[in-house]
Every structure is written in structure tokens, then in C-alpha cells.
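A short worksheet on the structure shown next.
Model, not experiment: these values are computed from the prediction.
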Amino acid sequence: MENNELKKLVEELKINMPEFTGTNEEKEIKTALYLYVELAKRKNFEPKHYWAEKEGIKRVIELHEQRDSQNVNDIAKRRKITCITISHLYKALLKEFGIRACVEQDIQEDRNILHMRNTIFLKNNEEITVDLQDDMYRIQTRRQLKKFGIQATSRSKEFSEEELTKMLIEVRYINSKEDYRDAKLDSVKRDIQGMDVDTSIKFISSDERVYGGLENLGEVEADRYYKGIVATMFSGKDRGKITQMKCYKKTENGDKYSFLLFVNGKKPSVYLYSPKSKRIVECSLETLTELEDEGLQIGKKQKRGNEKMLDKLLKKERNKKERNNIGDEAR
């Protein structure tokens, strides 16, 4: 087949793959883990599917993805994927390295959600169930992995944190346990103890331990990463003051997606995510109204809670600006 993108990817991965130690079974597991990590670095989740408000839009994308999943060369070339396409690509990649796997549906609590994952069949008849798409944001931010070794059946192989860390060192994901970003985020959490929510978010936005070294981070993965930060660093009333909202703008090259954090603290503040710098940047209400005027759409169409509060603040800012403009013209 001409322009075999899968073959190109396989050759690239083989050249860079470390020489693994251990039994044949251990080498097989480490090879699967190496491919898992490297594939996650090269792909980003499809933002149209992730941020779609209507189930109908998600279903249309999923139908296209199911059709496209049969063409692994096309998936290997694409940057944007869903759980459907990346699970088929991972299966094909494993096969190229002599490892058998299948793609299976993960039954979610919400039966309307179509989610696919892989089960790897080791030569000793053990199985490893993995969810690559769910671990993508963790891999792109060098966090501890949670979905390589899921207890799906009685035959499913699981790994302790220590076992997985040792293997991740050998596949060159990290050099030591201290390299996990989790350790850096724990230190940031300690540093913000005693600060109010406004000061804490400002501190987080400018701390390199949070945003440094995120070159492969996609917009969806960034959204999940910052949601995780908020969930682990804040609780109670402070947690309720922070809302993450999608942003998108229609352009000639299609919809561009991002997100913002609205902090409804003593003095309400907004932080826009910058795909270029991989960090959240404080943005004044005045600037945000200007971005809205240029076509930026914020949050869901049906606004509630803090989304509704931000909408009111932006309308108030816009009215103030209009009054000032009228006053300038009258002078």
C-alpha cells in the first residue's frame, strides 16, 4: 500500500524503542506499555466530540469514527482522534509488534456514552485491559497512569503503583518517581495552603511546575488536566467558586476550541487557556467582551450557576463601555 503511515510509525517506534529486560512476558508487557505511551504523545482528542452539547452531534462523529477506524493508515496520519479510532490504531500497532489485542466497548454508567478500550492478550494467557484515550492527558502532562491494567475480568492483570513506575522508567516515560508531575503539583498544593481562592488561582496560573514541559498537550487534554488540578487542590466553598467553561470561535478553517476558568471570588476574575503557552492567562472582563464581539462564544447556550454569573458580568461591562462611548461622543 502506498504511503503506508502505519508502517512509518512502526519503523519510527522500533528505532527508538529501548532494549527491555526480563522474561518474555515482561518484555511483552513493556512493549505494550511503550507503544501506549508513545501513541498518546502523538494524538489529541477530537474537540468537536468532547465539547458537543447535543447528543446528535456526538453520534454523527462516532459514526464517522467507526467507519474511519477500518483505515488505520489514515488514523496513523491524523492528529485528532476519539476513543474509537485510537483503540483500533493501538490494536493494529500491537499486532505489528507481535502482540494480540481486541477493541471492546466499555459499558459506562451513562448508557448513551459510546466508549471503546483495548484488551491485550499475553502469550501466557493473561489479559491486560487498558484505556489509552482516558490516559492521554495524563501521559501528555507526565502524570501517573491510571488505565494501564484495569480489573475488567478475573483474568485481568493489574499493576501496583511501584510495578508500573518501574516499567515506565524502563520505557523512558520518566527517569524516577520524582519525575511524575503529581509530585510537582503536590508541592504547589502545599504552597497555596492558607491563600484565598483568588490568590491561589493566580499563583497556579504563573507557576512553571503547573505549565512547564507540556509541548504535546492538546486542548481537550489541557481541559481535563486543569479540571483535575482544580478538583484536587480545592474543596468545599472554594471549589464551588471555580467553573471551567468551553470557548469556541468559528473561523474559515473550522471551529477553534479552548476553555476558561471563571473564579467567582471576592473580585471575580477570568483565566483563558492559551494553547500556545499551555497555561491559563488572566483576562480582564473588558478584553473578554472584545473577544466576544470578535466571535468568541463562551460556555453552554443554556447558562446556569457561575456561567450565568459571568454572562451577567460581561453584559454589565459591555453596558458600561457603551455609556462611556456615549459620554465621549457628547463631549
Quick check against the 3.5 Å criterion: does N306 have a side-chain atom that pairs as donor or acceptor with the backbone of G240?
yes

Kindly indicate, with the supporting measurements, whether the criterion side chain to side chain contact (heavy atoms under 4.5 Å, CB included) is fulfilled by I86 and I75.
CA-CA 8 Å; I86 200 166; I75 306 167; 5.9 Å; no

Quiz question: by atom type and distance under 3.5 Å, do the side chains of H115 and D131 form a donor-acceptor pair?
yes

Would you call E5 and K8 a salt bridge, taking side-chain N to carboxylate O under 4.0 Å as the test?
yes

Between L94 and L9, is there a shared hydrophobic cluster once you connect ILVMFWY residues whose side-chain heavy atoms come closer than 4.5 Å?
yes

Check this for me, if you would: do K300 and D311 make a salt bridge, where the nitrogen-to-carboxylate-oxygen distance has to be below 4.0 angstrom?
no

Would you kindly say whether E162 and S160 are connected by a side-chain donor-acceptor distance under 3.5 Å?
no

Can you label the angle between the F259 ring and the Y273 ring as parallel, tilted or perpendicular, going by 30° and 60°?
parallel

With a 4.0 Å cut-off, would you call K241 and D238 a salt bridge?
yes

Closer than 3.5 angstrom, by distance alone: can the side chain of R279 be matched with the main-chain N or O of S205 as a donor-acceptor pair?
yes

Can any side-chain N or O of K303 pair as donor or acceptor with the backbone N or O of I298 at less than 3.5 Å?
yes

The single option from Q133, Q66, R67 that satisfies side-chain contact (heavy atoms from CB on, under 4.5 Å) with I84 is Q66

Would you say V230 and M245 are hydrophobically clustered, going by side-chain heavy atoms of ILVMFWY under 4.5 Å?
no

Is any side-chain N of the basic residue among E38 and K41 closer than 4.0 Å to the acidic one's carboxylate O?
yes

Quick one: NE2 on H88 to CG on N118, what's the gap to the nearest 0.5 Å?
8.5 Å

First locate atom CZ of R318, then atom CG of L285, and finally report the distance between them rounded to the nearest 0.5 Å.
11.0 Å

NZ on K256 to OG1 on T251, rounded to 0.5 Å
5.0 Å

Short side-chain donor-acceptor distance under 3.5 Å, E170 and T21:
yes

I want to know whether Y225 and Y137 have ring centres closer than 6.0 Å.
no

Do D135 side-chain atoms and K147 backbone N/O form a donor-acceptor pair below 3.5 Å?
yes

Got a donor-acceptor contact below 3.5 angstrom from the Q140 side chain to the G218 backbone?
yes

Are I280 and L272 linked, directly or through other ILVMFWY residues, by side chains that come within less than 4.5 angstrom of each other?
no

Under-4.0 Å salt bridge between K157 and E25:
yes

Only one of K80, K276, K246 forms a salt bridge (Lys or Arg N to Asp or Glu O under 4.0 Å) with E219, so which one is it?
K80

With rounding to the nearest 0.5 Å, note down the distance linking OG in S284 to CD in E317.
7.0 Å

Please determine whether a side-chain nitrogen of the Lys or Arg among D186 and R190 lies less than 4.0 Å from a carboxylate oxygen of the Asp or Glu.
no

K48 meets the salt bridge (Lys or Arg N to Asp or Glu O under 4.0 Å) criterion, sequence neighbours left out, with none

Relative to Y271, does K202 satisfy both conditions: NZ or CZ under 6.0 angstrom from the six-membered ring centre, and within 45 degrees of the ring's axis?
no

Without swapping roles, check the side chain of R239 against the backbone of I242 for a donor-acceptor pair under 3.5 Å.
yes

Report the distance from atom CD1 of I81 to atom CZ of R42, rounding to the nearest 0.5 Å.
14.0 Å

Is it true that R78 and E65 make a salt bridge, defined as a side-chain N closer than 4.0 Å to a carboxylate O?
yes

Flag, side chain of K278 to backbone of L217, donor-acceptor distance under 3.5 Å:
yes

Which class fits the ring pair W51 and Y257: parallel under 30°, tilted 30 to 60°, perpendicular over 60°?
parallel

More than 12 non-hydrogen atoms from neighbouring residues, nucleotides or ligands closer than 6.0 Å to CG on N124, yes or no?
yes

Quick one: closest heavy-atom pair of K58 and A52, and the distance?
CE-O, 3.4 Å

Under 3.5 Å, side chain of R209 to main-chain N/O of K184, donor-acceptor pair present?
no

Please check: side-chain N/O of Q193 versus main-chain N/O of K189, any donor-acceptor pairing under 3.5 Å?
yes

Test L288 against every option in L313, L296, D293 by the side-chain contact (heavy atoms from CB on, under 4.5 Å) rule and name the one that passes.
L296

Taking atom CG of L164 and atom CG of L33, what is their separation to the nearest 0.5 Å?
6.0 Å

Could you go step by step and tell me if F97 and V10 meet the side chain to side chain contact (heavy atoms under 4.5 Å, CB included) rule?
CA-CA 8 Å; F97 284 78; V10 168; 4.0 Å; yes

Do V270 and V281 land in one hydrophobic cluster if side-chain heavy atoms of ILVMFWY residues count as linked below 4.5 Å?
no

Taking a hydrophobic cluster as the set of Ile, Leu, Val, Met, Phe, Trp and Tyr residues connected by side-chain heavy atoms closer than 4.5 Å, whether directly or through intermediates, do M233 and L260 fall within one such cluster?
no

Taking K146 for the side chain and D134 for the main chain, is one N or O donor matched with an acceptor at less than 3.5 Å?
no

Salt bridge E62-R59, side-chain N to carboxylate O under 4.0 Å
yes

